[in-house]
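Below: the structure, in structure tokens.
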Number of protein chains: 2
Amino acid sequence: MTRGSPETRARILCAAEDLVIRDGVSKLTLDAAAHEAGVSKGGILYHFPSRAALVSAMVERFVVSFDADLDRYGANGGGPGDFTRGYLRATLAPSEVPGDAPRDNRDQRLGGALLAGVASDPELLTPLRDRFDAWQAAVSSDGLPAEVATLVRLTSDGLWLSDLFGLAPVTGELREKVGERLFALMDEAPAAPTDEDERR
Amino acid sequence: MTRGSPETRARILCAAEDLVIRDGVSKLTLDAAAHEAGVSKGGILYHFPSRAALVSAMVERFVVSFDADLDRYGANGGGPGDFTRGYLRATLAPSEVPGDAPRDNRDQRLGGALLAGVASDPELLTPLRDRFDAWQAAVSSDGLPAEVATLVRLTSDGLWLSDLFGLAPVTGELREKVGERLFALMDEAPAAPTDEDERR
DNA sequence: TCGACTATACCGTCTGGACGGTATAGTCGA
DNA sequence: TCGACTATACCGTCCAGACGGTATAGTCGA
């Protein structure tokens with residue numbers, strides 16, 4: 001179904017990301033992406049039937065990548081609070097790479113690039129929205145008080161999005177301390193109100 | 001310096017916002033904005049010398065509007081934690097309007113519209129970034145432990161931005177409970193580490 | 001107070017360029 | 001020989017911005 005070699009496909013996707021990150025969404029034209037990827041315009045159209053398909057693939061890629069991070073950071077352990085802790089760790093992690101400023105981090109900026117790219121056609125955000133709904137559902141039934149878990153989720157998103165847009169990103173020691181506070185909040189939180197508790 | 005009547009200018013800005021909110025950034029053309037505002041394309045160019053100037057004015061307007069909100073919600077009282085509390089209240093407030101879902105709120109979506117519009121030319125974000133830097137500075141020297149204040153700021157931004165993009169926005173009771181938790185966090189926080197304390 | 005002139009606030013049209021997409025012919029390695 | 005492209009040419013559309021025009025209100029000297 002998807003034509004072309006996976007390698008070239010990935011190269012195009014990376015090139016498009018780099019381009020958006022560097023120059024902004026408006027510069028993401030088929031010509032520019034082709035040039036950046038070292039591929040002809042026809043080559044791009046060979047892999048992605050339209051520009052929208054390209055952007056859509058970029059969104060898909062981001063979602064998959066963050067889900068993989070969640071796994072990596074133990075968000076699917078199943079214990080109470082595991083998902084929320086994993087979500088926070090996955091958000092915090094990129095900036096922990098030594099010598100790698102958060103704003104230079106690829107994954108971080110990637111998300112923003114996509115958000116921005118997608119903003120030009122709100123339709124393309126739908127898969128991302130669905131994924132976020134699922135994450136929020138997982139967070140709020142994670143064995144922590146829902147408002148504590150949600151607070152952690154929102155702070156993580158705030159961290160991520162402010163990095164993304166360069167809106168007073170929080171870095172270094174302050175970032176770590178915020179993380180510690182959040183972990184402390186979760187540790188102190190009373191045991192989970194489960195669905196059964198709710199029903200009583 | 002700014003040409004044209006302030007009324008028409010404001011009408012154009014409002015029209016552009018409505019348009020972006022309704023149809024997405026990519027639909028914000030001079031023609032479309034002119035039509036929406038009941039003005040000719042030439043009329044728009046009379047008020048804003050270029051499309052970029054229009055978008056830039058939209059950003060400026062958002063910044064001013066949020067600063068006004070901060071004042072309105074007592075962010076400039078001068079007491080310890082006042083700014084941070086005001087910031088949180090200003091973020092929470094729109095959803096408190098009865099019968100007005102947060103995603104339908106103009107100011108909320110306005111911000112997103114601008115962010116998105118601006119994403120196409122990262123340069124235009126600069127004034128917004130500067131303002132955010134100032135807000136972060138105010139928050140973190142507000143008489144609360146910096147990481148608590150920053151945490152509140154980030155959660156507010158998370159609330160705002162997830163509303164904005166429709167990324168699992170938090171509404172209703174849960175939203176209120178998150179707010180309460182944050183206020184409680186600030187109330188419980190130890191007294192301000194002042195600059196003098198730091199120097200010791 | 002009247003005519004000349006100016007400034008302001010627009011309107012409507014045109015143009016040049018960019019961009020998405022199509023089509024087609026050809027290359028090249030496995 | 002077929003899949004994976006490259007290279008190039010082209011079409012239709014959209015859009016920013018330039019430009020010339022117009023209507024109206026105000027100014028000012030005689």
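These numbers come from a predicted model, not from an experiment. First the proteins, then the strands, lettered A, B, ... as listed; each starts at 1.
OP1 or OP2 of dC5(D) has at least one side-chain nitrogen or oxygen of Thr8(A) nearer than 4.0 Å. OP1 or OP2 of dC5(D) lies within a sub-4.0 Å distance of a side-chain N or O belonging to Ser5(A). Remark: His47(B) is in phosphate contact with dC10(C), judged by side-chain N or O atoms under 4.0 Å from OP1 or OP2.
Atom pair Asp31(A):CG and dG17(C):C1' shows a separation of 13 Å (rounding to whole Å applied). When the P atom of dT22(C) is taken as reference, atom CZ of Arg51(A) falls 15 Å away, rounded to whole Å. When rounded to the nearest whole Å, the span between CG of Leu45(A) and P of dA9(D) equals 17 Å. For Arg3(B) and dA7(C), the CZ to P distance is 12 Å, given to the nearest whole Å. Between the CD1 atom of Ile44(A) and the C1' atom of dA7(D) there is a distance of 14 Å, given to the nearest Å. Atom CZ in Arg9(B) sits roughly 13 Å away from atom P in dC10(C) (whole-Å rounding). Taking atom NE2 of residue His35(B) and atom C1' of nucleotide dC11(C), one finds them 15 Å apart after rounding to whole Å. Between Ile12(B) atom CD1 and dA9(C) atom C1' there is a gap of 11 Å when expressed in whole angstrom units.
One finds a salt bridge joining Asp187(A) and Arg85(A) here, because a Lys/Arg side-chain nitrogen approaches an Asp/Glu carboxylate oxygen to under 4.0 Å. With respect to the salt-bridge test (charged N to carboxylate O, under 4.0 angstrom), the residues Arg175(A) and Glu147(B) do not qualify. Between Arg22(A) and Glu36(A), at least one side-chain nitrogen of the basic residue sits less than 4.0 Å from a carboxylate oxygen of the acidic one, meeting the salt-bridge criterion.
Here dC5(D) is the nucleotide among dC5(D), dG21(C), dG17(D) with the atom lying nearest to any side-chain atom of Tyr46(A). Checking dG21(C), dC19(C), dA9(C) against the side-chain heavy atoms of Leu30(A) singles out dG21(C) as nearest. Distance from the side chain of Thr29(A) is smallest for dG20(C) among the nucleotides dG20(C), dT6(D), dC10(C).
Within 4.0 Å (heavy atoms only), Gly4(A) reaches sugar-phosphate atoms of the nucleic acid but no base atom.
With hydrogens and angles left out, the side chain of Lys41(B) and the base of dG12(C) share no donor-acceptor pair within 3.5 Å.
The residue among Pro6(B) and Ser50(A) whose nearest nucleotide of DNA chain C lies closer to the 5′ end is Pro6(B).
Heavy atoms only, all atoms of each residue included: Thr91(A) and Ser156(A) are closest at CG2-O, 3.3 Å. Closest of all the heavy-atom pairs between Ala57(A) and Phe48(A) is CB-CE2, 3.7 Å.
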Exercise. Pairs counted as Watson-Crick or G-U wobble with both distances under 3.5 Å: what dot-bracket string results for DNA chain D, using | for bases tied to another strand?
Worked result: ||||||||||||||||||||||||||||||
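Between Tyr87(A) and Phe66(A), the ring planes are perpendicular. Angles over 60° get that label, and only those under 30° would be called parallel.
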Show the atom names and distances, to 0.1 Å, of all donor-acceptor pairs under 3.5 Å that link a side chain in residues 131-139 of chain B to residues at least two apart or in another chain.
residue	atom	partner	partner atom	Å
Arg131(B)	NE	Asp67(B)	OD2	2.7
Arg131(B)	NH2	Asp67(B)	OD2	3.1
Trp135(B)	NE1	Asp67(B)	OD1	3.1
Gln136(B)	OE1	Arg153(B)	NE	2.8
Gln136(B)	OE1	Arg153(B)	NH2	3.2
Gln136(B)	NE2	Thr150(B)	OG1	3.2

